[in-house]
Structure formats: C-alpha cells, structure tokens
> 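So that we are looking at the same thing, I have put the structure below in structure tokens.
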Amino acid sequence: MSHVFHRHCHHLPPTIASGNGMYLIDTQGNEYLDACGGAAVSCLGHNHLAVLDAIHRQLDAIPYAHTGFFTSESSEALAKMLADLAPPSINHAYLVSGGSEAMETALKLARQYWVEVGEPQRQHFIARRQSYHGNTLGALSVGGNAWRRAPFAPLLMDTSLIAPCYAYRDQRPDETAYEYGQRVANELEAMLLEKGPETVIGFIAEPVVGATAGALTAEAGYFSRIRAICDQYNILLILDEVMCGTGRTGRFFAFEHEGIVPDIVAIAKGLAAGYQPIGATLVSDRLYEAIASGSGFFQHGHTFMAHPTACAAALATLTTLEQEGLVDAAEQQGKALKSALHHQFDSHPFVGDIRGRGLFLALELVADKTSKRPFSPELTLHQTIKKTAMHNGLMCYPMGGTIDGRQGHHILLAPPYIIESTHIAAITDKLALTLEMCLPHQ
C-alpha cells in the first residue's frame, strides 16, 4: 500500500529509478523514450551535468533563505537574464515555484495595478474557452476547460469566455484563415462592449494552447488584432507561456512569433527543465512603475519564492539553452519531427490534424476524417493510448476533451530539445504501433 496521495487512487504508476538524455528508466529496468518532456518540462533531457553542478554549488553555498530577509545572487542573476531575453519594455521578474503560482501572481498583480492607478472598479477577466491556466482556484477561474472547472464551479470567480482560435474545427468554408482569425479575435471587442471595458482587468490567453487543445496555434493576424483591441480599450494583455514558453516553439517566448508584446507573461515548466520547481511572472515597466511609485508593495508572496537553489537551476538551464543553441535546435528539430509525423500519419484514417510549432506538436484523433467526428468520450481513448504507449516504451501526453472539455482526443508531443533523428524515427514508429493497438481497424 502506498501512503502517497497519487493523482488517481486506483492506479499506482511505475517507480522511477534513473534517467539519461531522452530516456527514463523505472525500477524494473523498463526504458521509456520521453516524447513529452513529462508535461513539456524536461527541455534539456534527463541528468544534464551542467544543471546538476549548478544545483550542487548552490547547495554548498546556501540552499534557502527567506525573501522577507534576503535576496540571493542566483535570483538576481536569473531575473536579469530573463529581462535580457524579454522585450525592452519588460524588466522585472517575480519568481515563484510553478506555473499555477505564476498565473495566480499575474491575476493579483493585474488587479493591484488598476487599484494603484485609481480604477478599483476593474474586477473582471476575459479568457478563452478550451484553455488551461493552472489548477489553483484563481487560475482555474480564468481557464476554459469545462471538466476541470465543473466540481469547483461554486468556488470560482466569474470570468467571461470567448472562442479559441481553432481553425480546424471552427473556420467556415466561406472565409479565409485570416478572416477567421479576425472574426474570433473580434469576439474580445464584443465581450468588452457587453461587460463595459472600464470594468475589465485584462484578457488572458496561451499563445499556443497546450494540454486542453493540443498545441493549437492561432491564425496569422489573430494576436495582432487582440493586442490592438486591448490597447484600444485600455485593458491588460496577459499571456500564459507556462507550457509553450522558454524555447519550446523555437523562440524563447512564443509571443515572438506573433509580433506582439504582452503586459504580463507567465513562464514555468521548462524554465529549470524539471531539475527544480520554479516559475516566473514577467511584468512590463508600466505595471511595475505604477506599484513602485504608488504603495511600493505588491500584496502577494510565497514562502519559497525566488528560492536560491531553484533559481540556480533555472539560470543554468537558460545558460545551457543559449550556449548549446537549443532554442534554434527546437525550431529545426521541430520541423523534422512535424515532417516525420506528416509522413507517418497523413494517410492514417483516424488522424485528423497534425499541428503545432517547434517541439510543441499534437495529433488530433477523429473517428471520421471527412466529417471530423470525434471518438466517443466514453471510450476514454486517451487513457488507453497513454497506457499502451508506456507499454511500448513511449511517453506521450494524450488528452480527452480536445473540442469542448468532453469530446475529442489528441496526443501532445513535447520532447527535450536535445532530440536527434534516431529519436524522431523511434517516436513515430512507437506512436504508430500504439495507435494500431488502440484504434479500430478498418
């Protein structure tokens, strides 16, 4: 009997023993090719010596000191490096312990900004359906994934949700991709006019939607229109790059592909490549200076924020990404992996769409390619695929509810940036075998 309160009370996962590069090994000696980075976390692979050495050095110096009393060299250096990587208007990083904390920080910071500048009537967020921003109550409130929200709905704050930019499902035959993107972006303006823009704090979105919609990218021009609407109506643009950031799409920030700059951006997961838990909320000068010249105190905080050891791991991760050219590698290897997926699955009867950017890719599964009809949610196909893939020595990230939180299935791939051609071939082969074992035969 395990005394750990696991994710599922009726399933005890294998026990991890070790890892090296692209592979993890359990205590039974089974080897798994990590094609999802856990959950888009392990961007450097497993057992990277430069990060381990940085952690050891920090442990020898000082593992932890409370930020109410001290700052640390590692946190100061990490924040400076993040500011150097960010656009010129973003120069401050609030360092926390993970993605949900980073998003909670973003929400509270956005609210306090409006209080500081004398607009306390702003208390409303707008986000998108079929989004995910974390599992704490605030982050869950602004997420648009129906099944995650349902049990906790009475505890959540009211948030208005507009459509995602999901061309595979929602683009009409009579409109171009650009026209479709503009149409769904304009839902933000309509919602602002309905709510009253003077009551809205900001709009929240993932530049590339992660687990709830499967590496879903927006159409060209969508985010430019979103930024323009936010500027026109004077609301904040908050981007969630917890999953798609830190190089995963082939740029350090996924929003770089869109030619925009947010007011706040949250990152985590790949920030320390899984070697330590850490996240960061990066803030524009406009917001920081409003607080600095006002109360001077952000009414927030966590015991383990700016943890020196976690910051040392993140600093080593970012340094490694830079020195080894791994963000560019993510772009190039992502193109190779996407090409291999198209070659393997374009003619597959149950693969409806292959999408994504960089090493953040997904396959959407359908029961019928012509109508795009999804498999029945009662099949819990994602669970079967995950179990079968593990049996075949492959870690991938299948999810149900791709379309509306209940219907639809996709498989997310987010491997480490150190991936090579042999790994790409192994991923496509193992994934093809898994689908053959899990899906009906025609």
Side-chain angles (χ1 to χ4, degrees), residues 16-25 31-65 71-86 93 95-99 102 241-253 267-280 282 304 306-334 358-360 395 414-423:
I16 190 66
S18 62
N20 188 47
M22 290 285 296
Y23 290 89
L24 289 167
I25 303 159
E31 194 173 70
Y32 307 92
L33 174 57
D34 187 356
C36 59
V41 174
S42 301
C43 59
L44 296 182
H46 306 284
N47 203 32
H48 197 289
L49 294 181
V51 185
L52 296 178
D53 287 346
I55 292 171
H56 292 156
R57 289 194 300 272
Q58 186 64 50
L59 290 173
D60 288 340
I62 176 69
Y64 168 75
T71 188
S72 66
E73 291 182 352
S74 60
S75 66
E76 295 290 342
L78 174 60
K80 182 181 185 306
M81 191 167 192
L82 288 171
D84 289 344
L85 288 164
L95 303 168
V96 292
S97 297
E241 295 208 5
V242 168
M243 206 171 207
C244 65
T246 58
R248 181 144 297 282
T249 64
R251 301 286 187 275
F252 186 78
F253 295 103
I267 58 175
K269 292 191 184 290
L271 179 55
Y275 289 82
Q276 288 282 286
I278 190 169
L282 278 62
F304 296 111
H307 192 285
T309 307
C311 290
L315 186 62
T317 297
L318 299 188
T319 301
T320 300
L321 291 178
E322 185 175 82
Q323 291 179 348
E324 298 185 10
L326 291 179
V327 176
D328 288 339
E331 181 177 35
Q332 297 307 315
Q333 295 292 66
L359 283 172
F360 198 44
M395 290 170 57
Y417 307 167
I418 59 171
I419 190 172
E420 298 176 357
S421 58
T422 54
H423 302 130

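Every heavy atom of this structure was used, including side-chain atoms; hydrogens, water molecules and symmetry mates were not.
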> I'd like to know if the side chain of T71 pairs up with that of E76 as donor and acceptor (distance under 3.5 Å, no hydrogens or angles considered).
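Result is yes, a qualifying pair exists.
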> Which heavy atom of H46 sits nearest a heavy atom of Y23, and at what distance?
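It is CD2-O, 3.7 Å.
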> Out of curiosity, I278 CD1 to F304 CZ, how far, rounded to the nearest 0.5 Å?
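The CZ atom of F304 is 13.5 Å from CD1 of I278, to the nearest 0.5 Å.
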> Roughly how far, to the nearest 0.5 Å, is NE2 of H48 from OG1 of T320?
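Those atoms lie 4.5 Å apart.
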> Testing the basics here: between A316 and A50, what is the closest heavy-atom pair and its distance to 0.1 Å?
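It is CB-O, 4.1 Å.
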> Please step through side-chain contact (heavy atoms from CB on, under 4.5 Å) for the pair T317 and L271, ending with a clear verdict.
CA-CA 7 Å; T317 297; L271 179 55; over 6 Å; no
> Side chains of S72 and S75: donor-acceptor distance under 3.5 Å anywhere?
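Yes, because at least one side-chain N or O of S72 sits under 3.5 Å from a partner of the opposite role on S75.
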> Kindly compute the distance separating CG (L49) from CG (N47), expressed to the nearest 0.5 Å.
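L49 CG to N47 CG: 6.0 Å, rounded to 0.5 Å.
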> Closest approach of A280 and L95, non-hydrogen atoms and distance?
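Shortest heavy-atom contact: CB-CD2, 3.8 Å.
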> Enter the distance from F253:CZ to I267:CD1 here, rounded to the nearest 0.5 Å.
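Atom-to-atom, F253:CZ and I267:CD1 are 5.5 Å apart.
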> Ignoring hydrogens and geometry, is there a side-chain-to-backbone donor-acceptor pair from T319 to L315 under 3.5 Å?
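Side chain of T319 to backbone of L315: a pair is present.
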> If every non-hydrogen atom of L282 is compared with every non-hydrogen atom of A86, which pair is closest and at what distance?
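Between these two residues, the closest heavy atoms are CD2-CB, 4.3 Å.
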> Quick check, are the ring centers of H307 and Y64 under 6.0 angstrom apart?
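Judged by ring-centre distance (under 6.0 Å), H307 and Y64 do meet the cut-off.
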> For the OG atom of S42 and the CE atom of M22, what is their distance to the nearest 0.5 Å?
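That separation rounds to 10.0 Å.
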> Which atom names give the shortest non-hydrogen contact between S74 and A312, and what distance separates them?
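What the structure gives for the nearest pair is CB-N, 3.8 Å.
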> What pairs meet the salt bridge (charged side-chain N to carboxylate O under 4.0 Å, His left out) rule with one or both residues in residues 312-332, with sequence neighbours excluded?
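Checked against salt bridge (charged side-chain N to carboxylate O under 4.0 Å, His left out) - neighbours excluded - the pairs reaching residues 312-332 are R251-E331.
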> State which residues pass side-chain hydrogen bond (donor to acceptor under 3.5 Å, both in side chains) with H423; sequence neighbours excluded, sorted by chain then number.
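Result, side-chain hydrogen bond (donor to acceptor under 3.5 Å, both in side chains) vs H423: none returned.
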> Could you tell me which residues satisfy side-chain hydrogen bond (donor to acceptor under 3.5 Å, both in side chains) with T249, sequence neighbours excluded, listed by chain and number?
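T249 satisfies side-chain hydrogen bond (donor to acceptor under 3.5 Å, both in side chains) with H257 once adjacent residues are dropped.
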> Would you find a donor on one side and an acceptor on the other, under 3.5 Å apart, between the side chain of T309 and the backbone of I55?
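Checking the backbone N and O of I55 against the side chain of T309, no donor-acceptor pair under 3.5 Å is found.
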> What closest approach, in Å, do Y275 and G45 show between heavy atoms, and which atom pair accounts for it?
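Closest approach of Y275 to G45: OH-O, 2.9 Å.
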> Sorted by first residue and then second, give each salt bridge (charged side-chain N to carboxylate O under 4.0 Å, His left out) pair with at least one member in residues 51-60; sequence neighbours left out.
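Matches after skipping sequence neighbours: none remain.
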> For Q58 and I62, indicate whether the former's side chain and the latter's backbone hold a donor-acceptor pair under 3.5 Å.
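Judged by distance alone, yes, a pair lies under 3.5 Å.
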> Kindly write out the residues that satisfy side-chain contact (heavy atoms from CB on, under 4.5 Å) with I25, not counting sequence neighbours, or none if the list is empty.
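So I25 forms a side-chain contact (heavy atoms from CB on, under 4.5 Å) with S18, E31.
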> Indicate every side-chain donor-acceptor pair of residues 414-422 with a distance under 3.5 Å to a residue at least two apart or in another chain.
from: Y417; atom 1: OH; to: T246; atom 2: O; distance (Å): 2.9
from: Y417; atom 1: OH; to: R248; atom 2: N; distance (Å): 2.8

